[in-house]
Protein chains: 2
Amino acid sequence: MDASSERDGSSIKEVARQAGVSLGTVSNVLNRPEVVSEPTRQRVIEAIQKLGYVRNDSARQLRAGHSRTIAIVVLDVANPFFTDVVRGAEEAIDAAGAVAVVCNSGESAARERRHLDLLEEQRVKGVLITPVDDGRDSRLEQLVRRGTPVVLVDRGSGQRNRCSVAVDDVLGGQLAGAHLRELGHRRVAFVGGPIGIPQVADRRRGFAGIFPGDGEELRIVDTPNLSVAAGRRAGEEIADLPPADRPTAVFCANDLLALGVLQEMTLRGVRVPRDVAIVGYDDIDFAAAAAVPLSSIRQPREQLGRTAAQLLLEEANDPAHHEHRHVVFKPELVVRESTVRSPVPRRRARHAAISEVRPPP
Amino acid sequence: MDASSERDGSSIKEVARQAGVSLGTVSNVLNRPEVVSEPTRQRVIEAIQKLGYVRNDSARQLRAGHSRTIAIVVLDVANPFFTDVVRGAEEAIDAAGAVAVVCNSGESAARERRHLDLLEEQRVKGVLITPVDDGRDSRLEQLVRRGTPVVLVDRGSGQRNRCSVAVDDVLGGQLAGAHLRELGHRRVAFVGGPIGIPQVADRRRGFAGIFPGDGEELRIVDTPNLSVAAGRRAGEEIADLPPADRPTAVFCANDLLALGVLQEMTLRGVRVPRDVAIVGYDDIDFAAAAAVPLSSIRQPREQLGRTAAQLLLEEANDPAHHEHRHVVFKPELVVRESTVRSPVPRRRARHAAISEVRPPP
DNA sequence: CTGCACCCTTGAAACGATTCATCGTTTCGG
DNA sequence: CCGAAACGATGAATCGTTTCAAGGGTGCAG
């Protein structure tokens, strides 16, 4: 309503004119208020408000050489695992006074590339990324070479030129396999894909390592991605097998797939866990709340994000003294009703299972 | 490995020198390749690759006056409702060749403000936002005044100076109320908050309008946010009531709350729906997969995002001819077992309920 | 051979904020 | 009262890109 607040931006120059001071002084008020005298500062501040001046970040960045935003590039925003990681990371980034933006690659290399291109053009302060491929990707390499701090999330890397924060996925697969084997399962399936995603490959490897013996059979059900829908399709495939060939247990590369498989089993009258046991991965909150609470491999999701962000900030704030580190967390098995029909009465069983949902202290 | 790809950015100037042409020519190769002759173009391209040149977006933006990214500001990245909206929006933004970044306000006005400040400084191409408050917020107003296209998502607005895309939340509340009333419930509760969030207020209003009569009682359980954890706390409060006073049905402002309430009920031996019926809101995918599949009010989540993005792009690409529009979708009731113990055998009931998860054609 | 298009290419002028050497005023100790 | 230091304010130079008027060739028509 104020006639003087123009539709489009006033520059620092106009503020200077309005306040009757020089360019440099306005800039000082903005960036080092302590060096300018009180009355002058007041006049400048008034002028800024009167004109509705908003700093042009492009110009500032051009001069400064880099931006203040940190990008978090995730495989899939719709996957609760990643949103929890994001929340952890945001917490740390926020605390450091920086700003986080989230980019979604949607498991598409092309989209990831477009985002990375733009992020590099924007000279972002740093990038937290779970890459679509193995992270040896030349695009990422280029970003690192230019000097942009990059931290790999949920992905170990032998790379010496960047930090990484990961969870031991091979161990996770082993935990799932050992659990099922101990329950007596000998004919099992692994559901997940594409195999190009390292997490998928590692979990499968760990799992497969547990079932090498005679009379044991491991069926691989490949999926085009890690969504509930893909899980349902995999579930169909498994449910359609003649019961004699059908695996008695399924290990899914993540909980979304597991939920999909579970839905399809229930739908087709295959009982879980009696006919088929299911183990998921990630232990997202919804896993415990499912129709049949899911056994799953828990990862420290928020901690993963927080740690990654801290490493990134450390590198960004003092590149000279920074030493790249590779943090690896250990996953843990959470047993619920999708693998073990609890021996205690159902009410109590429910109790125990559902209280699992509460975040660890 | 290439010694000439410097650690830090080479500018267009160095490319020009390397290729033996002028600044302007390099710029032309980048932006209007058709005006420069083939051999020259080749030389420039080679120089660019040799130097590993990456355009500096700040400088480009400074000149152009605005950026090419579109920001999506959501209330909560961890809420599947919003991630589905984001996916819809990204689809449209992607198709238009623009780039989307997601900012999470986490239901915090301060964080929203920080994001908006930075986005305005960055002169983004446009903003899709579900504001924390009523959207009449002066911060947003200022953004619009400056000429930045802004579309309100999941929020109607009487505002004439921007578009909005919303779902009729009052109607949604009414649908929930009518459903429960028809089932014979007379003592009911509304779970949600903070009441400052317009969606919460509208849903509650629609719901409350159905229970005004004698002998009817509406209890309001206020929550600090819309998470599963808050739902659990509300669930405790309700479960702890003496059965004679306890509402026989609960309507939650979103599905996360409903899942929390459901978990707490099960945990405390309150049977759903026999002792307490529950209706959620949003119909996120996980609602159908819950221990007791949730009745919910479905919103066209991806369509909401897609439509919002289209309106934004329309305005951004041709501000002169753009007329602001307010699109309002209608929600619909999805009935599942959390309100109606299905009369058909359980196996079949499950079947019907769970197939609800499939996306509408 | 001249004049005229036409095509490329050129270089200088923005864009807006920050920095920094410099300059003019005060202040204060001696 | 002098000189030096302290303090504030100044404005030109700079960041890297895009744009655009102007210039230099080349080929073609007259």
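Reminder, nothing fancy here: chain letters follow the sequence lines and each chain counts from 1.
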Using OP1 and OP2 only, check whether a side-chain N or O of [X] sits under 4.0 Å from [N].
X: A:Thr25; N: D:dA9; result: no
X: A:Thr40; N: D:dG8; result: no
X: B:Arg55; N: D:dT18; result: yes
X: B:Ser37; N: C:dT9; result: yes
X: A:Ser11; N: C:dG16; result: no

[X] [atom1] to [N] [atom2], straight-line distance once rounded to whole Å:
X: A:Asn56; N: C:dA14; atom1: CG; atom2: P; result: 18 Å
X: B:Arg123; N: C:dC15; atom1: CZ; atom2: C1'; result: 12 Å
X: A:Leu30; N: C:dG16; atom1: CG; atom2: P; result: 15 Å
X: A:Arg41; N: D:dG8; atom1: CZ; atom2: P; result: 11 Å
X: A:Glu14; N: C:dC15; atom1: CD; atom2: P; result: 10 Å
X: B:Leu51; N: D:dG16; atom1: CG; atom2: C1'; result: 15 Å
X: B:Glu121; N: C:dG16; atom1: CD; atom2: C1'; result: 13 Å
X: A:Lys13; N: D:dA12; atom1: NZ; atom2: C1'; result: 13 Å

Under 4.0 angstrom, heavy atoms only, what part of the nucleic acid is B:Val21 near: base, sugar-phosphate, or nothing?
-> sugar-phosphate
With the threshold set at 4.0 Å, does a side-chain nitrogen-carboxylate oxygen contact exist between [X] and [Y]?
X: B:Arg87; Y: B:Glu90; answer: no
X: A:Arg60; Y: A:Asp57; answer: yes
X: B:Glu46; Y: B:Arg43; answer: no
X: B:Lys125; Y: B:Glu315; answer: no

Whether [X] side chain and [Y] backbone form a donor-acceptor pair below 3.5 Å:
X: A:Arg68; Y: A:Ala98; result: no
X: A:His326; Y: A:Ala166; result: no
X: B:Thr25; Y: B:Val21; result: no
X: A:Glu121; Y: B:Val54; result: no
X: B:Thr148; Y: B:Gly126; result: no

Double-helix bend of the helix from C:dC1-D:dG30 to C:dG30-D:dC1, axes at both ends from 5 pairs, round to 10°, gives 50°
Hey, do the aromatic rings of A:His322 and A:His324 have their centres closer than 6.0 Å?
-> yes
Please write out the pairs of protein N or O atoms and N or O atoms of nucleotides 19-25 of chain D separated by less than 3.5 Å, giving the distance to one decimal.
residue, atom, partner, partner atom, Å
D:dT19, O4', B:Arg63, NH1, 3.0

Nearest to side-chain heavy atoms of B:Leu62, which nucleotide of C:dT9, C:dC15, C:dA17 | C:dC15
